[in-house]
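Keep in mind that this is a model prediction, so the values were computed, not measured. Here is the naming used below: chain letters follow the sequence lines, and residue numbers restart at 1 for every chain.
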Number of protein chains: 2
Amino acid sequence: MSTARPPHATPRVAVDLVIMTVRESCLQLLLIERGKEPYLGRPALPGGFLRGREKLDDAAYRELHEETNLNGSRLHLEQLQAYSHPDRDPRGHVISVAYLAIAPCLPEPVAGSDARQARWTPLDEVTSAPGTLAFDHAQIVEDAVERARGKLEYTTLATAFCAEEFTIGELRQVYEVVWGMPVDERNFSRKIRRTEGFVVPTGAKRRPETGRPATLYSGGPATTLYPPMLRTGIGHELP
Amino acid sequence: MSTARPPHATPRVAVDLVIMTVRESCLQLLLIERGKEPYLGRPALPGGFLRGREKLDDAAYRELHEETNLNGSRLHLEQLQAYSHPDRDPRGHVISVAYLAIAPCLPEPVAGSDARQARWTPLDEVTSAPGTLAFDHAQIVEDAVERARGKLEYTTLATAFCAEEFTIGELRQVYEVVWGMPVDERNFSRKIRRTEGFVVPTGAKRRPETGRPATLYSGGPATTLYPPMLRTGIGHELP
DNA sequence: ACAAAAGTGTTACATGTACACCCATGT
DNA sequence: ACATGGGTGTACATGTAACACTTTTGT
């Protein structure tokens, strides 16, 4: 902690974004195709270097806006962690601070203002073909997905996947898709509505193509869930 | 993401450590007294700048060793998050990646090999006198404590506060002290021993000054707790 | 009438909570 | 004997899982 700059080359700092949504009953990530070396043409997480005296959060919001048409409002964004292996970027030592962003399902497939092409990619495509993602982005994605899965259990994060108004059925689909396991609609519905502050009815109803109209809700003021929505039946194995 | 270095002054990267233990029935943090400007003489978290092509984890272990006599083995260390406000350090833009370290209660009060004095400080002293800690370290401490409290609920982190061998009563004290609330010993004991892989009996017993000898345990192979040990009775208020 | 989706009731079971009580030891 | 801390039994409340059943709509 000397006041003089250290003699070593100080690493550069970047942010990378894992942007998730639920589309077509499937957890999808927004990936770009790299337009430059290294990893030219390979899919990668959107991201970029920190500028000037910018905060990491600001850089994350900026990249989100530059690379996608998503605006920061009505969007969950949280810091995941920093990745710092010295060989993670062939250009030199780059520390990447990863962010988890969660967006409601958007109708248009999001065109980046930047020249790079951005498209929603099902998580299965990413995990079933390991080694396709640039840098250590597969690891970052894995960590981000695990974070999201865990936070559904004890926070109201699931509402971030939904539009302004949503039905309990849509919220349940978020849990099923993110967790990758079926959830009983009847019990789920009761539990959600009994957890104070999770959802608040808007008064409106949505008429499905066929069937009874569903009450519409919006996200409530609660952030933590008590009691939590625990995933059961999954292995809590020993390491 | 140009291959040329960005024109902006790139921020420096440091690590800061929140090292916790339970001593004298109280959650304590290892703080140093700053020996240089800025914040000369003020208490602060141990930490320092990243060197060369070092990983953040390696820098955290190095600082832990340099500033304290703690060796990395038999010690929990995990990354918390990065703090990046451009004005958080008066010397310029310094991004700090905070780490949470958890140590068993050590007999000696840990003298740093570095000249700076390190001492265990009760958390209450830190939180009851806000504005004493250097930089944004009060915020980092707050986040670290909340992380530790949460992780006691659904992981086996509590054993990291204990020595190689411990009694259920000692483990319960960890929960009580970290959570700041009483925990029923009878139910706690049963619950811990029923959670497979949390603790394993060593076969030995410890004889208290007075009272029935307690079975000694060591940390088991499990890392996650199912069902979790939930804190109850605390406000899950609306924000 | 029927299909489809939303929502309720019910039952069996697991877990959490509170607390009376028993156990093993040193003084 | 008694204080002290470790540990068991048990009754009650609450939460979960599974699933039959009712409600509300469009066709």
Legend entry - Candidates dG7(C), dG9(D), dC19(D) - which lies nearest the side chain of Asp184(A): dC19(D)

Legend entry - Length of the CG-C1' vector between Leu230(B) and dT17(C), whole Å: 13 Å

Legend entry - Under 3.5 Å side-chain donor-acceptor pair for Asp16(A) and Tyr83(A): no

Inset, instruction - Looking at every strand, decide which applies to Pro213(A) at a 4.0 Å heavy-atom threshold: base, sugar-phosphate, or nothing. - result: sugar-phosphate

Inset, instruction - Measure from CZ on Arg206(B) to P on dG26(C) and round the result to the nearest Å. - result: 15 Å

Legend entry - No-H, no-angle donor-acceptor pair, Arg212(B) side chain to dA24(C) base, under 3.5 Å: no

Inset, instruction - Please check if any side-chain donor atom of Glu78(A) sits under 3.5 Å from a side-chain acceptor atom of His76(A), or the reverse. - result: yes

Inset, instruction - Compare side-chain N and O positions of Arg207(A) against OP1 and OP2 of dT27(D) and report whether any pair is under 4.0 Å apart. - result: no

Inset, instruction - Side chain of Asn187(B) only, please: which of dT17(C), dT15(C), dG7(D) is the nearest? - result: dT17(C)

Legend entry - Length of the NZ-C1' vector between Lys205(B) and dG5(D), whole Å: 13 Å

Inset, instruction - Please state how far atom CD1 in Ile192(A) lies from atom C1' in dT8(C), giving the value in whole angstrom units. - result: 17 Å

Legend entry - Interatomic distance, Ile168(A) CD1 vs dT23(D) C1' [rounded to whole Å]: 17 Å

Inset, instruction - Tell me whether the OP1 or OP2 atom of dG6(D) has a side-chain N or O from Thr215(B) closer than 4.0 Å. - result: no

Legend entry - Length of the CG-C1' vector between Leu171(B) and dG6(D), whole Å: 15 Å

Legend entry - Worked check of ring pair (Phe, Tyr, Trp, His ring centres under 6.0 Å) between Tyr154(B) and Tyr226(B): CA-CA 7 Å; Tyr154(B) 55 92; Tyr226(B) 188 84; over 10 Å; no

Inset, instruction - Answer yes or no: is there an ion pair linking Arg147(A) with Glu153(A), defined by an N-O contact shorter than 4.0 Å? - result: no

Inset, instruction - Between Gly169(B) and Arg190(B), just flag the one whose closest nucleotide in DNA chain D comes earlier from the 5' side. - result: Gly169(B)

Legend entry - Position toward the 5' end of DNA chain C (nearest nucleotide), Glu209(B) or Pro228(B): Pro228(B)

Inset, instruction - Report yes if at least one side-chain N or O of Lys191(A) is closer than 4.0 Å to OP1 or OP2 of dT16(D); otherwise report no. - result: yes

Inset, instruction - State whether Ser189(B) places a side-chain N or O below 4.0 Å from either non-bridging phosphate oxygen (OP1 or OP2) of dG6(D). - result: no

Inset, instruction - Select one nucleotide: of dG6(D), dC21(C), dT25(C), the one nearest the side-chain heavy atoms of Arg186(B). - result: dC21(C)

Inset, instruction - Measure from the side chain of Arg193(B), starting at C-beta and using heavy atoms only, and say which of dG15(D), dC19(C), dT8(D) lies closest. - result: dT8(D)

Inset, instruction - Starting from P on dG5(D), measure out to CD on Glu176(B) and report it in whole angstrom. - result: 13 Å

Inset, instruction - For Glu185(A), answer base if it contacts any base atom (sugar-phosphate contacts may also be present), sugar-phosphate if it contacts only those atoms, and nothing otherwise; contact means non-hydrogen atoms under 4.0 Å. - result: nothing

Inset, instruction - Please determine if Asp184(B) and Arg186(B) form a salt bridge, counting it only when a charged side-chain N lies under 4.0 Å from a carboxylate O. - result: yes

Legend entry - Nearest heavy-atom neighbours spanning Ala163(A) and Pro104(A): N-CB, 3.9 Å

Legend entry - Atom-pair distance (OH on Tyr226(B); C1' on dG16(C)), nearest Å: 13 Å

